[in-house]
Structures are given as structure tokens and as C-alpha cells.
Amino acid sequence: RRGLITAAAAAVPLLAIPAVHTRAARRLVYKYGNNLPLSHPLNVRALEAAERIKAASDGALEIRIFPNNQLGGDTDMLSQVRSGALDFFTPSALVIATLVPAAPINAVGFAFPSYKEVWAAMDGELGAFIRASIEKVGLHMLEKVWDNGFRQITTANRPIHVPQDLSGLKIRVPVSPLGISLFQALSASPTSLQFSEVYTALQTHVVDAQENPLPIVQTAKLYEVQNHVSLTNHIWDGFLFIASGKTWYRLPEDLRTLAARELNAAGERQREDIARLNESVQVDLQARGMVFNKPDPAPFREMLRKTGFYAQWKEKFGADAWRLLEKYVGQLG
Ligand code: X2X
């Protein structure tokens, strides 16, 4: 009996942190909201982290998760996390851009060739730059960015082989000036909608297309309302783990350290989950009837260059931010 307890304690070393352990009398409940289904690795790993944080703090800090837009769409959650009504939120950099224009520097069209450059940049100077811009508006961004993935185009009515196939296409993009600008430059007709509205908008043909990483197409069941997948990899997108500056700094320091450590570790595991999913998701979506093609990115990039997309966004982000991006992805435009 005794041996069993010792073995269990050894398997969960966090239970042994004494400073946190003594705080059991004060129980804090923090809320975390996001826009994804419970089955997405983001929620699976966040739940796991929440359990570990609760156990290691002996119940002093409980993080309650509200997935799937239960607290409203991205725009609502963004204002809640600013006011302190919500404690944690994981927007894509595309979405937080309405508040922090410098944030979506990672989402410049056709910038990242592969995950190798993505994680070097996001765990390096580019991530630090984004974090610093977010701290300026009174929010705190945890160190590890979680993976959304490379965004791909899906449509109800046609495959996209070359930029001309996008001409006039009614495509949903996130509420994001950069997303709108990218698809306008590629001659499509983009509309901004929150993710909470995407399934219905596709189902009712308010739009005919959308773009998201495949794990989202899978977990949000977009395959029910879309037929074609064109693997454009046009944006690498991540979820920034944002804490409300108002409530984060109110946490006792030991709980803040514990939460940051566990959430960052969960973020790294979530990246591995997405990497594994990326290996199997195409076969799964094909089995559900989706038809895939893989266009050559060169003519898309060329069209962005010709229409002045890169020049325009270099000016908006500024030469310093642009140089940081190019340090990881090579020269753009
Ligand atoms: O809204 C989207 O498309 C999503 C889920 O990818 C983001 O949060 C940006």
C-alpha cells in the first residue's frame, strides 16, 4: 500500500511543490475561452494542463475551459480578455490584429516554407517581437505559441490550381485585414466572418469557400459542407496563449509560474499532436469525400509580388519587423 502511494507521487512530481501546496485555502477559478471544438488538440492539451495545474496547486488554481465559442465569437472574447471578464483566450494572430496590428507578422502570405522555419521564428526573435507588442496593450502572452497549422483553401464548387481559379470566389476569411488583403490581391472576393459563423455560412452558401488548417476542417466537420481541398499552405497560423493583464498579474507568483510552465509544456505537446494529425488527416478527409489537389505556390507568390501585396505589408509592419521575418524565411517580395 505504502509503496503504491510513493510510486504514484513519483509519477506526478508537481504535487510536491510546497509553496503552492500551502495555499489550498484560497481557491481561484480562472476562465479560458476559445473558438474550437472540444476534440481539437488545443482543447485536449489545455484540459490536460488545467488538470495538472489544479492537482499541483492542491486546488488553489482551477482553469475552467469554455470551448467552441461558448462565451461568444472571437471579437467578444477579445474584449472580455481585455476587460478581465475572461482570464485566458487563444486568438490566432490574425484575429488579435484588430487590437495589435503588429501581431500577425507570421501570417504574411506564402512566407513560411515549412515547420522548421516556423518554430525557429516563433520560439525565437519573431515570437519575442509579437509578445512584446501584445504586452503593450495590457495583455500577457505566454511563451509557447500553439499550432493552428498551415492554412489550406476548401471550396464547395471548384479546385484551386492557379491564382486565376480564385477569381471572384466568395471565400470566408477570419476577421482580419491581412486575410482580406491577401485574398483581394489574389482576385478572390473575401468576406470576414468569425469562426463561430463559418459552418452555417458555408451550409447556406453565403460563401462558397473558406481557408483553414486541415485539423480544423476535420474537427469542425467542415467536410460536410465543402468538397475540394487545395493545399496552398498560404499562411502559417498559430494560437497565441493570451492572459488578461488585469487578472494574470493578480495571481500569486508561484501560481503564475506553475500555470506558465504547464501551459507552455502543453503547447509543445499540442504542436506534436498537430504534427501527427497532419500525417493522417488528408486520408481521413478523402474517406469523407473531399477531393485534394496541390497547387504550385510560385504563381501565387508572383501575383502577390506584382500586385504590391508584399510592399504594402512591409510598409505596414515596418522595416524592423519585416527584417525579423525575412531572417527566418528568406527575402519576400
Ligand atoms: O477563424 C479561423 O479560421 C481560425 C479558427 O482558424 C482562427 O481562429 C483564425
Side-chain angles (χ1 to χ4, degrees), residues 32-46 65-81 86 88-100 103-109 112 118 122 130 134 141 145-155 170-183 188 190-203 206-223 225-226 229-230 232-242 267 270-271 273-274 277-278 281:
Y32 162 40
N34 66 63
N35 64 4
L36 295 185
L38 205 49
S39 56
H40 190 279
L42 174 101
N43 278 310
V44 175
R45 292 300 181 181
I65 304 184
F66 297 83
N68 220 5
N69 300 296
Q70 280 175 12
L71 301 177
D74 285 323
T75 312
D76 305 298
M77 288 188 279
L78 193 55
S79 73
Q80 290 163 16
V81 82
L86 182 60
F88 299 101
F89 174 40
T90 42
S92 146
L94 282 165
V95 166
I96 206 171
T98 52
L99 179 63
V100 185
I105 181 80
N106 63 278
V108 170
F112 282 100
V118 165
M122 299 312 282
I130 295 171
I134 282 170
M141 177 180 143
V145 175
W146 297 39
D147 196 11
N148 189 359
F150 279 92
R151 301 183 75 90
Q152 319 293 358
I153 298 173
T154 71
T155 83
K170 288 194 292 175
I171 183 168
R172 173 272 173 176
V173 297
V175 180
S176 133
L178 183 54
I180 290 279
S181 166
L182 174 66
F183 280 92
T191 307
S192 275
L193 292 173
Q194 303 195 80
F195 190 65
S196 50
E197 300 171 281
V198 169
Y199 186 97
T200 307
L202 292 168
Q203 193 178 35
V206 168
V207 289
D208 296 313
Q210 68 87 46
E211 42 83 57
N212 250 305
L214 299 186
I216 287 192
V217 177
Q218 185 183 48
T219 54
K221 297 187 164 43
L222 301 184
Y223 54 81
V225 287
Q226 295 281 269
V229 180
S230 299
T232 45
N233 292 303
H234 54 278
I235 286 175
W236 175 79
D237 192 18
F239 291 110
L240 312 180
F241 218 106
I242 301 295
Q270 189 267 358
R271 293 178 185 180
D273 294 340
I274 296 287
L277 253 186
N278 284 340
V281 62

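Hydrogens, waters and symmetry mates play no part in the numbers below; they use all other heavy atoms, side chains included. Just so you know, ligand 1 is whichever comes first in the structure, and atom 1 is the first atom listed for that ligand. In this chain, residues are counted from 1 in sequence order.
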Subject >> Identity and separation of the nearest protein heavy atom to atom 3 (O) of ligand 1 >> reply: R172 NH1, 2.6 Å
Original post:
Which of the atoms of ligand 1 are close to D237, meaning less than 4.0 Å from one of its heavy atoms?
Top reply: 9 (C)
**OP:** Mind checking the OG1-CD1 spacing from T98 to I96? Nearest 0.5 Å is all I need.
**Re:** 8.0 Å
Subject >> Pairwise side-chain contact, F195 with R172, heavy-atom cut-off 4.5 Å (strictly under) >> reply: yes
**OP:** Tell me which protein heavy atom sits closest to atom 6 (O) of ligand 1, plus the residue, atom name and distance to 0.1 Å.
**Re:** N212 OD1, 2.6 Å
Subject >> Subset of ligand 1 atoms that lie under 4.0 Å from at least one heavy atom of F239 >> reply: 8 (O)
Subject >> Heavy-atom gap L94 to ligand 1 smaller than 4.0 Å >> reply: no
Original post:
Short question: side chain of Q194, backbone of D74 - any donor-acceptor pair under 3.5 Å?
Top reply: yes
Original post:
In terms of residue, atom name and distance, what is the protein heavy atom nearest to atom 7 (C) of ligand 1?
Top reply: N35 ND2, 3.8 Å
Original post:
Counting distance only, does the side-chain N/O of T154 pair as donor-acceptor with the main-chain N or O of E211 below 3.5 Å?
Top reply: no
Original post:
Which protein non-hydrogen atom lies closest to atom 9 (C) of ligand 1, naming both residue and atom, and how far is it?
Top reply: S92 CB, 3.3 Å
Original post:
Which atoms of ligand 1 are found less than 4.0 Å from any heavy atom of I216?
Top reply: 5 (C), 6 (O)
Original post:
F241 vs W146 aromatic rings, parallel, tilted or perpendicular, using cut-offs 30° and 60°?
Top reply: tilted
Original post:
N148 heavy atoms, cut-off 4.0 Å: which ligand 1 atoms fall inside?
Top reply: 6 (O)
Subject >> Close approach, Q194 and ligand 1, non-hydrogen under 4.0 angstrom >> reply: no
Subject >> Structural part of V198 in contact with ligand 1, heavy atom criterion under 4.0 angstrom >> reply: neither
Original post:
Quick one: does Q210 get within less than 4.0 Å of ligand 1, heavy atoms only?
Top reply: no
Subject >> side chain to side chain donor-acceptor pair (under 3.5 Å) between Q152 and N233, worked out >> reply: CA-CA 5 Å; Q152 319 293 358; N233 292 303; 2.8 Å; yes
Original post:
Under 30°, 30 to 60°, or over 60°: which ring-plane class applies to H40 and F239, parallel, tilted or perpendicular?
Top reply: perpendicular
Original post:
Without hydrogens or angle criteria, can the side chains of T90 and Y32 be said to hold a donor-acceptor pair below 3.5 Å?
Top reply: yes
